[in-house]
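Please read the structure below before turning to the comments.
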Amino acid sequence: MRSLRRLAGAVAVAMLSGPAFSGCGTPAAAHVMELPGPLTDGHELVPAPRSVGLSATDSFAVLPQTVVAIASESDSVGLVARHLAQLLGRGLGGDPLRIQTGDGEARNAIALRIDAGAIPAEGYELSIAPGGVTISGGSAAGLFYGVQTLRQLLPASLENGSAAGRLSAPAGRISDSPRFEWRGAMLDVSRHFLPARDVKRYIDLMALHKLNRLHLHLSDDQGWRIEIHSWPNLTTRGGSTQVGGGPGGFYTQAEYADIVRYAHERFITVVPEIDMPGHTNAALASYPELNCNDVAPPLYTGTRVGFSALCVQREATYKFVDDVVREIAALTPGPYFHIGGDEVERLTAAQYRGFIERVEKIVHSHGKRMIGWGEIAPANISPTTIVQHWKPNANPRAAVARGSKVIMSPANRIYLDMKYDSTTRLGLTWAGVREVWEAYDWDPAAFLPGVPEESVIGVEGPLWSETLVTIRDFEYLAFPRLAAVAEIGWTQQVQRSWDDFRVRLGAQGPRWRALGINFHRSPRVPWK
Ligand code: TNX
């Protein structure tokens, strides 16, 4: 694997090195370069790009007078330009860099442009020369990913402005695009509530590694976390507690919309989940009429699963689902709505299937594409519905055979809430204890019989919060494993190997420290 990567890298350098990179020697020399630390095909990027050729000698220096050059500020390219100008300005310890619009030549500029014809939609080409940088994106999202790569080529001190005036990136060329369209992370904000500012921080950390889907688990037995105008008790009562009995919390619709906007500006699509028909105690406790016996159960602050279910034989239940999906869909520009569907023990198989099939129609009537956990696979769902695989020994192939795509979140690999080892203070162990190499070293397209590459839409790392209270707790279980999820989602399988990844992962240490991330120092990783 490693030699394959080296070969691919060498070919890339040979193909890409041009007059701008007079410092490039032979391909072997280009790999050696003067980047600090152990060799990793000449770069320390996570996720690894498709092809990289970096100069051993030449570099581009970012100065306070460096400009970000774009054709026009009006569109989403302007958004990326402002993001870059702020990132670099802050890194230099000052104001955002100046943004220059128009076609004129700019000296000492970082030029951003769209080249939709030649470059895949989420792809980019980054070319760095001593006199200037150009990032071409297949779309604004591709440009944004090119910006994240440039960021990782600059010193970690960029992240906290501690290297005023000394930011430089090696000259070279990178050509890149992702393997999968779905590169996701899930936050369980139900078992323990995370305020909007913490969700935004998680979004920032996702963006650094080119993740593009934030799945928010907004309801469960222990808490309902999003305001629904037509059913106000869901939050006033259902949102009033959490695991262990703390104060809970919820997002107003304005706060949720603000999270969605913040994610969108980082090219991350928010995927709202309302878990049903099970995992619904918070809703059942808020409205007696959702219960078959018209009696609202008490609020629940434990961690058992499977005991709750909506009254699926009542029409009122479907009015409830319709109202909730309608209000959330109206706040969510992304195309997806996740209906949960997991771990229902209180219904017959026929009742469960009937419910899922009817709810799918409701989701479609509000213009959204349905997603559900693996349990929905046997129902007669549309081929547009996406199944999220999680449970060991449960194969969604029935849905795959009917055309559905699968998000791969196998609990025994990338459930980020599993402990790293038996000594980890936070987390659970039901799917095993998982160090970062186990989270990294598998191929989503070769994991489940009957679920080939073309049926896999991507990967997602869920982070369940039974044991997590503060954002620092969430970070500790997510990092470094979330970076493994990001590379599984982005990097071609032939380019991936643990031996190579561990070195690049170790190189993230200074940047993660500069960002204040509370990360687990996994053994076998040469942390810098
Ligand atoms: C299983 S994953 C669950 C969650 C728990 C999680 C803990 C899934 C669809 N259901 O309700 O929080 O395990 O790891």
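What you see is a predicted model, and the numbers here were worked out from it, not measured in a lab. Excluded from the calculations below are hydrogen atoms, water molecules and symmetry mates; all remaining heavy atoms, backbone and side chain alike, are included. Atoms within a ligand are numbered from 1 in the order they appear, just like the ligands themselves.
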Practice problem: For atom CZ of R402, decide whether the heavy atoms of other residues, nucleotides or ligands shown that lie under 6.0 angstrom number more than 12. | Solution: yes

Self-check item: Side-chain heavy atoms of T236 within contact of F250, under 4.5 Å
Solution: no

Exercise. Say whether W498 and E438, considering side chains only, have a donor N or O and an acceptor N or O under 3.5 Å apart.
Key: no

Quiz item: Short list, please: which atoms of ligand 1 are under 4.0 Å from a heavy atom of E466?
Solution: 5 (C), 7 (C), 12 (O)

Quiz prompt | Polar atom proximity, Y415 to ligand 1 (N or O, under 3.5 Å) | solution = no

Self-check item: Heavy atom of the protein closest to atom 3 (C) of ligand 1 (residue, atom name, distance)
Solution: E343 OE1, 3.4 Å

Quiz item: M418 heavy atoms, cut-off 4.0 Å: which ligand 1 atoms fall inside?
Solution: 14 (O)

Quiz item: Would E227 and T252 count as having a side-chain donor-acceptor pair, cut-off 3.5 Å?
Solution: no

Self-check item: Test item: side-chain donor near acceptor, Y476 and H520, under 3.5 Å
Solution: yes

Practice problem: May I have the step-by-step check of side-chain contact (heavy atoms from CB on, under 4.5 Å) for R513 and I517, ending in yes or no? | Solution: CA-CA 6 Å; R513 284 198 299 277; I517 301 176; over 6 Å; no

Quiz item: Heavy-atom contact under 4.0 Å between Q388 and ligand 1?
Solution: no

Quiz item: Can you list the atoms of ligand 1 that are under 4.0 Å from a heavy atom of W430?
Solution: 7 (C), 13 (O), 14 (O)

Self-check item: Option among L310, I339, V344 that satisfies the side-chain contact (heavy atoms from CB on, under 4.5 Å) test with F355
Solution: L310

Quiz item: For ligand 1, which atoms sit closer than 4.0 Å to a heavy atom of L428?
Solution: 7 (C), 14 (O)

Quiz item: Does ligand 1 have an atom under 4.0 Å from some heavy atom of K391?
Solution: no

Practice problem: Report yes or no: does R191 have a heavy atom closer than 4.0 Å to ligand 1? | Solution: yes

Quiz item: Is the distance between the ring centroids of F180 and W490 less than 6.0 Å?
Solution: no

Quiz item: Which heavy atom of the protein is the closest neighbour of atom 10 (N) of ligand 1, given with residue, atom name and distance?
Solution: D342 OD2, 2.9 Å

Quiz item: Counting each atom of ligand 1 from 1 as listed, which ones have a heavy atom of D417 under 4.0 Å away?
Solution: 7 (C), 14 (O)

Quiz item: Taking only heavy atoms of W373, which atoms of ligand 1 are found under 4.0 Å from at least one of them?
Solution: 9 (C)

